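Shown next, in structure tokens, is the structure this report addresses.
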Amino acid sequence: MKRILYMIAATLIAAVSCEKEGARMMEDLSGDWHYTATENGVTEDIWVSFDRSGTFEMYQKIGEGPYWQSEGEFTLDADAMVLSGVYSDRTPWKYTYKVSVGGSSLTLTAVEQEGHSVTYARETIPAQVRQMSLPLTKSEGVELFL
């Protein structure tokens with residue numbers, strides 16, 4: 001009987017520990033992040049905000065032109081440290097990502113695409129980016145970054 005009680009207690013402690021780890025990881029991920037890079041002469045300026053409720057907003061500017069705004073939902077598997085999501089039109093993200101958060105740095109490494117990894121810095125999205133962005137629709141032909 002003691003053995004059964006011990007196993008039940010150990011299972012409950014493990015479950016609470018996983019919940020705490022998941023909550024901590026969600027807390028670390030939540031907030032605004034900024035990515036900027038130049039590849040092949042094209043500048044990418046991307047802002048993403050993850051909310052504890054499981055929603056995100058993304059603002060991306062590739063080359064010259066406006067910021068394009070998109071939003072949707074994400075899930076975080078804290079055990080596997082994997083992030084995935086869908087846009088508001090239910091289109092899935094291009095990749096599922098392994099997540100690494102350290103201080104003010106977020107690294108997303110694509111699970112399906114070897115060598116595809118991007119690092120974001122924790123920065124507040126400027127009000128001007130939010131206010132001046134255009135909603136992204138499929139007809140715009142802009143490739144979504146996530």
Side-chain angles (χ1 to χ4, degrees), residues 7-146:
M7 288 176 17
I8 291 171
T11 302
L12 290 173
I13 289 170
V16 168
S17 176
C18 286
E19 272 185 41
K20 285 182 181 178
E21 180 62 26
R24 186 190 63 75
M25 186 62 180
M26 183 64 87
E27 181 70 28
D28 290 348
L29 178 65
S30 296
D32 297 348
W33 299 93
H34 186 215
Y35 170 78
T36 184
T38 302
E39 293 182 23
N40 303 320
V42 177
T43 301
E44 298 178 44
D45 189 18
I46 297 155
W47 298 87
V48 64
S49 181
F50 295 103
D51 188 83
R52 288 178 193 90
S53 68
T55 61
F56 75 92
E57 295 177 304
M58 183 174 63
Y59 303 87
Q60 65 183 43
K61 180 179 183 179
I62 300 175
E64 297 300 317
Y67 280 94
W68 295 97
Q69 186 267 342
S70 54
E71 56 191 29
E73 300 172 356
F74 71 93
T75 56
L76 175 64
D77 179 341
D79 292 334
M81 304 291 279
V82 172
L83 181 68
S84 60
V86 295
Y87 293 96
S88 58
D89 68 357
R90 308 313 297 163
T91 300
W93 287 358
K94 188 174 184 177
Y95 303 114
T96 299
Y97 296 95
K98 278 291 236 186
V99 178
S100 174
V101 181
S104 62
S105 178
L106 165 66
T107 302
L108 300 178
T109 304
V111 174
E112 303 89 348
Q113 180 69 35
E114 188 174 325
H116 178 76
S117 181
V118 292
T119 301
Y120 291 79
R122 188 177 294 279
E123 289 182 47
T124 301
I125 299 173
Q128 183 176 6
V129 169
R130 290 181 190 269
Q131 294 164 357
M132 304 293 283
S133 66
L134 300 173
L136 182 64
T137 62
K138 286 185 178 182
S139 64
E140 301 294 345
V142 175
E143 183 175 338
L144 297 170
F145 190 73
L146 285 175

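What you see is a predicted model; the values in this text were computed from it and never measured.
Minimum interatomic distance between V99 and V82 (heavy atoms only, all atoms of both residues): CG2-C, 4.4 Å. Shown here for R122 and S30, the closest heavy-atom pair between the two residues is NH1-O, 2.9 Å. Between S70 and Y87, the closest heavy-atom pair is OG-CE2, 3.8 Å. Between F74 and T55, the shortest heavy-atom contact is CE2-O, 3.1 Å. Of all heavy-atom pairs spanning D28 and W33, the tightest one is O-CZ2, 3.6 Å. Considering every non-hydrogen atom in both Y95 and A110, the closest pair reads CG-CB, 3.7 Å.
Note: Q69 CD to E57 CD = 6.0 Å, rounded to the nearest 0.5 Å. Here the straight-line distance linking atom NZ of K94 with atom NE2 of H116 works out to 7.0 Å at 0.5 Å rounding. Distance check, rounded to the nearest 0.5 Å: CG of D32 to CG of D51 gives 10.0 Å. Note that CD of E123 and OH of Y35 are 14.0 Å apart. Values are rounded to the nearest 0.5 Å. Separating the OH atom in Y59 from the CZ atom in R130 is a distance of 4.5 Å, to the nearest 0.5 Å. Atom-to-atom distance recorded for W93:CH2 and L108:CG is 7.5 Å, nearest 0.5 angstrom.
With hydrogens and angles ignored, the 3.5 Å screen pairs no side-chain donor or acceptor of E71 with any backbone N or O of S88.
Using a 3.5 Å distance cut-off with no hydrogens or angles, the side chains of S117 and T109 do pair a donor with an acceptor.
Counting heavy-atom neighbours within 6.0 Å of E112 CD, excluding the residue itself, gives a total above 12.
With respect to H34, the side chain to side chain contact (heavy atoms under 4.5 Å, CB included) criterion is satisfied by exactly one of I46, L106, D45, T124: D45.
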- Task: Check the pair F50, L76 against side-chain contact (heavy atoms from CB on, under 4.5 Å), reporting the backbone distance first and the verdict last.
- Result: CA-CA 11 Å; F50 295 103; L76 175 64; over 6 Å; no

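Each side chain to side chain donor-acceptor pair (under 3.5 Å) pair with one or both residues in residues 98-108, not counting sequence neighbours, appears once here: T107-T119.
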